[in-house]
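Per chain, numbering begins at 1; letters A, B, ... match sequence-line order. Since the model is a prediction, treat every value here as computed from it, not as a measurement. Any value given below was found using the heavy atoms of this structure, including those in side chains, with hydrogens, waters and symmetry copies removed.
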Protein chains: 2
Amino acid sequence: MSVTLRDVALDAGVSVRTVSNVVSGTVRVAPDTRSRVEASLQKLGYRPNVIARNLRQGRTGLIGLAFPELDVPYFAELARAIVRASREHGLTVVIEQTEGREEHERALLDGGARGTVFDGLILSSLALGADEIADLAGNLPIVMLGERAPHHRLDHVGIDNVAAARVATEHLVSLGRSRIAAIGYQHPKVNETAHLRARGYEDALADAGLPVDRSLCAYTDAYHREDGAQAIRRLLDLPSPPDAVFCFNDLLALGAMRAALAHGVRIPQDLAIVGFDDIEDGRYSTPTLTTIVPDKEQIALVAVEMLLARLSDDPSKAREHLARFELAVRESTVRRRRRRG
Amino acid sequence: MSVTLRDVALDAGVSVRTVSNVVSGTVRVAPDTRSRVEASLQKLGYRPNVIARNLRQGRTGLIGLAFPELDVPYFAELARAIVRASREHGLTVVIEQTEGREEHERALLDGGARGTVFDGLILSSLALGADEIADLAGNLPIVMLGERAPHHRLDHVGIDNVAAARVATEHLVSLGRSRIAAIGYQHPKVNETAHLRARGYEDALADAGLPVDRSLCAYTDAYHREDGAQAIRRLLDLPSPPDAVFCFNDLLALGAMRAALAHGVRIPQDLAIVGFDDIEDGRYSTPTLTTIVPDKEQIALVAVEMLLARLSDDPSKAREHLARFELAVRESTVRRRRRRG
DNA sequence: CTGAAAGCGCTAACAT
DNA sequence: ATGTTAGCGCTTTCAG
């Protein structure tokens, strides 16, 4: 079938050992032997059998990357950066989609009946709690992604959600808005992100001496455009509707913006909107979306490097990395002179 | 280290063969033996070593999925569907990102010095021509995705681009528009998609008795929002600007829409816009985007099934599948009463 | 510097 | 129905 080391060895008149040495390049080989072997390698078109190598070495050279949904722009953008960073480190990425379902996350971690194909996992979890994840993972190195509180047994990279949410809310306060709503509340057990961002929001209101009006805290089932659209409609139907809204991610914000505009609301005059994630759509929407910009490149890079460290038996205790973020002020909160773009 | 078949065999007092049979479930095993083995399996927490199994079987159980960019919404949405379809067929997906670079596509196909990890590949190619791909692939089963002319040596799934582009253009004609521009022209060697969609566009104009005005055919470097924005600015600066534009994908259209609105143009009154791909953003933009809707679920499903057929040594000659498409008419071409949405 | 050979964990042919 | 064992292709220990 395909060309093996043995075939090459026979052709070059050397042992398998020598061919292996030439291919791997780790051991010194006599120049003339080397060139002879290389000629045979070339002639026969040898390609290493990755599986055999892996079996011998006990590793697959693969890392898993698990997101709830690949077509959520924030995840897609992060996936892109992670795949690129992985390639630069010689790692290949197996992609997994949990659909936010506990059974799928569980199967990923414990390998299940089908076994585990990757050496380590970068996981953006929705359904499972940190303790459960740590238990299930066993020896499998894990880097948790995304927005959750630190955990003593799991590596984690994300940003400071409370601080970021506070910055977003303070921006709305600084514009003189006083009825500032929030969209994206969820039960804390279900979604830690929501909990942290809600805290930043409420803290900022408190600091500004504004009350936290529960009727302005909109719960949503999920974080898609449609959820944002539904939430804003409910808010706009209130006796005294909000004059600003902080959405816990950009998709919610874009959905809310669309629905508000369709409702005849002017943005930002009647309603200022801030999002979170800086997905590309928000830079091209009309109006463009003010949002929290996490440094995705940095998140990706650090996640891959953390995992790499674990893979080389780094015994250090769980590490936490908080990436940079900033607020990008755009047209959904501050009216601009008409410009090209 | 980890628990092997041998460990389980020892514990249960049977041979590895028997344990293997229990695990795989392909051979009949006496009920009491089975339960004894299962107890040991459970007790020791056996997990199959996927690599060893693969080595023995000569397959990895992995398929490759290669896109130029994962964060382009059309690719992200397709990736989601393909990953899901793959899981349903017991396949795991290795994701590759070519960045549209020839060297990366080439490395994917010939395995390069690092060998190939997957059994087959679903490839959305940008840089390489079909002949080259077929040559490089050798025995590696390939399913080509996307928008290119059929090829006698490669399986392919996509939609009829000429027909779809024609439908899009005819829609604009039917609205009484007469200066219909197109955005997304590229050199045919660089991008077959562009070529096919341009043909559909020009055919439709010809059928309607409209001239193909070369000044209305806008070339772009790529297919991102920014390219669409730049192109529409050039078109709007013409002595007699277009009253409609067909963009060769939705990102171009969304970029063009944004720039046109910023330019003070009313959509659809002054300028009607049609896109291509039906990405989610276009369903929530303001105005919402009229577009060609390819059946992505079907594309994903057929692609995976075609590959699966090849993997089981299906010797049939190259197959072509054209998935359904339809035109979704939205606000960027037809003004609607204000609605909740 | 290079050859011989063990063995990674599993499946499947062969034997009973 | 189950035990024994060769061998998938590679890396690496042990000799030389």
Side-chain angles (χ1 to χ4, degrees), chain A residues 1-41 44-62 111-119 139, chain B residues 1-41 44-62 90 111 113-119 139:
Chain A
M1 193 53 200
S2 78
V3 183
T4 72
L5 279 190
R6 195 163 160 282
D7 299 328
V8 178
L10 256 67
D11 184 81
V14 296
S15 76
V16 178
R17 165 72 203 253
T18 304
V19 182
S20 174
N21 286 342
V22 171
V23 171
S24 66
T26 50
V27 182
R28 275 187 59 77
V29 178
D32 55 335
T33 316
R34 143 157 285 141
S35 58
R36 197 147 35 92
V37 171
E38 277 170 347
S40 298
L41 244 20
L44 302 180
Y46 172 78
R47 290 281 174 266
N49 180 320
V50 185
I51 313 178
R53 178 179 291 171
N54 290 341
L55 174 57
R56 184 57 229 238
Q57 305 189 142
R59 302 181 303 97
T60 63
L62 301 173
R114 300 205 8 237
T116 307
V117 288
F118 38 76
D119 300 330
N139 291 323
Chain B
M1 194 51 200
S2 79
V3 182
T4 73
L5 280 189
R6 197 164 159 279
D7 298 328
V8 179
L10 256 68
D11 185 82
V14 296
S15 75
V16 282
R17 164 73 204 254
T18 305
V19 183
S20 175
N21 286 342
V22 170
V23 171
S24 67
T26 51
V27 183
R28 275 186 58 78
V29 177
D32 54 335
T33 316
R34 143 157 285 138
S35 57
R36 197 146 35 92
V37 171
E38 277 169 349
S40 298
L41 245 19
L44 302 180
Y46 172 79
R47 289 284 174 265
N49 180 321
V50 185
I51 313 178
R53 176 180 294 170
N54 290 341
L55 174 57
R56 184 59 229 239
Q57 305 190 142
R59 302 180 304 95
T60 63
L62 301 173
R114 299 201 14 234
T116 307
V117 288
F118 38 74
D119 300 328
N139 292 323

key: Donor-acceptor contact present, side-chain B:Asn54 to main-chain B:Val50, <3.5 Å   = yes
query = Can you find a side chain N or O atom of A:Ser24 that sits less than 4.0 Å from OP1 or OP2 on D:dT11?
reply = no
inquiry  = Measuring from the side chain of A:Ser15 (C-beta onward, heavy atoms only), which nucleotide among D:dT2, C:dT11, C:dT2 has the closest atom?
reply    = C:dT2
task = On DNA chain D, check which nucleotide each of B:Leu55 and B:Thr18 is closest to and give me the residue with the more 5' one.
result = B:Thr18
query = What's the closest nucleotide to the B:Thr4 side chain, out of D:dC8, D:dT2, C:dC10?
reply = C:dC10
ask   = Does any N or O donor sit under 3.5 Å from an N or O acceptor when you compare the side chain of A:Arg17 with the base of D:dT13?
value = yes
message = Between P on D:dG3 and CZ on B:Arg6, what's the gap in Å once rounded to a whole number?
response = 14 Å
message = Mind checking if B:Val16 touches a base, just sugar-phosphate, or nothing, with heavy atoms under 4.0 Å?
response = base
query = CD1 of A:Ile51 versus P of D:dG9: gap in Å, rounded?
reply = 10 Å
query = Hey, does the side chain of A:Thr116 reach the backbone of A:Phe118 with a donor-acceptor pair shorter than 3.5 angstrom?
reply = no
ask   = Tell me: CZ of A:Arg47 to C1' of D:dC10, nearest whole Å?
value = 17 Å
message = Pairing donors with acceptors under 3.5 angstrom, does anything connect the side chains of A:Arg17 and A:Asn21?
response = yes
request  = For A:Ser20, report the nucleic acid contact type (base, sugar-phosphate, nothing); a contact means any heavy atom under 4.0 Å.
outcome  = base
Interatomic distance where CG belongs to A:Asn21 and P belongs to D:dG9 [whole Å] = 20 Å
message = Within the 3.5 Å criterion, strictly below it, is a donor on B:Thr60 or B:Asp119 matched to an acceptor on the partner's side chain?
response = yes
ask   = Checking all strands, does B:Arg56 fall into the base, sugar-phosphate, or nothing category for heavy-atom contacts under 4.0 angstrom?
value = base
remark   = Against the side chain of B:Arg53, the closest entry in D:dT12, C:dC10, C:dG9 is C:dC10
message = Let me test you: for the helix from C:dC1-D:dG16 to C:dT16-D:dA1, what is the angle between the axes at its two ends (five pairs each), rounded to 10 degrees?
response = 40°
ask   = Which sits closer to the 5' end of DNA chain C, B:Tyr46 or A:Gly13, going by the nucleotide each is nearest to?
value = A:Gly13
ask   = Quick one: are B:Arg47 and B:Ser2 in side-chain contact, heavy atoms under 4.5 Å?
value = no
ask   = Would you find a donor on one side and an acceptor on the other, under 3.5 Å apart, between the side chain of B:Arg36 and the backbone of B:Ala12?
value = yes
ask   = How close or far is atom P of C:dC1 from atom CZ of A:Arg36, stated in whole angstroms?
value = 15 Å
request  = May I have the distance from A:Arg59 (atom CZ) to C:dG9 (atom C1'), rounded to whole angstrom?
outcome  = 17 Å
request  = Please tell me if the side chains of A:Val19 and A:Leu41 come closer than 4.5 Å, counting only heavy atoms from C-beta onward.
outcome  = yes
query = Could you state the CG-C1' distance from B:Asn54 to C:dC10, rounded to the nearest angstrom?
reply = 10 Å
query = Looking only at atom types and distance, does a side-chain atom of B:Thr33 sit under 3.5 Å from a main-chain N or O of B:Val29, one as donor and one as acceptor?
reply = no
ask   = Heavy atoms under 4.0 Å, any strand shown: does B:Thr33 hit a base, just sugar-phosphate, or nothing?
value = sugar-phosphate
A:Leu5 CG - C:dT2 P separation (whole Å) = 15 Å
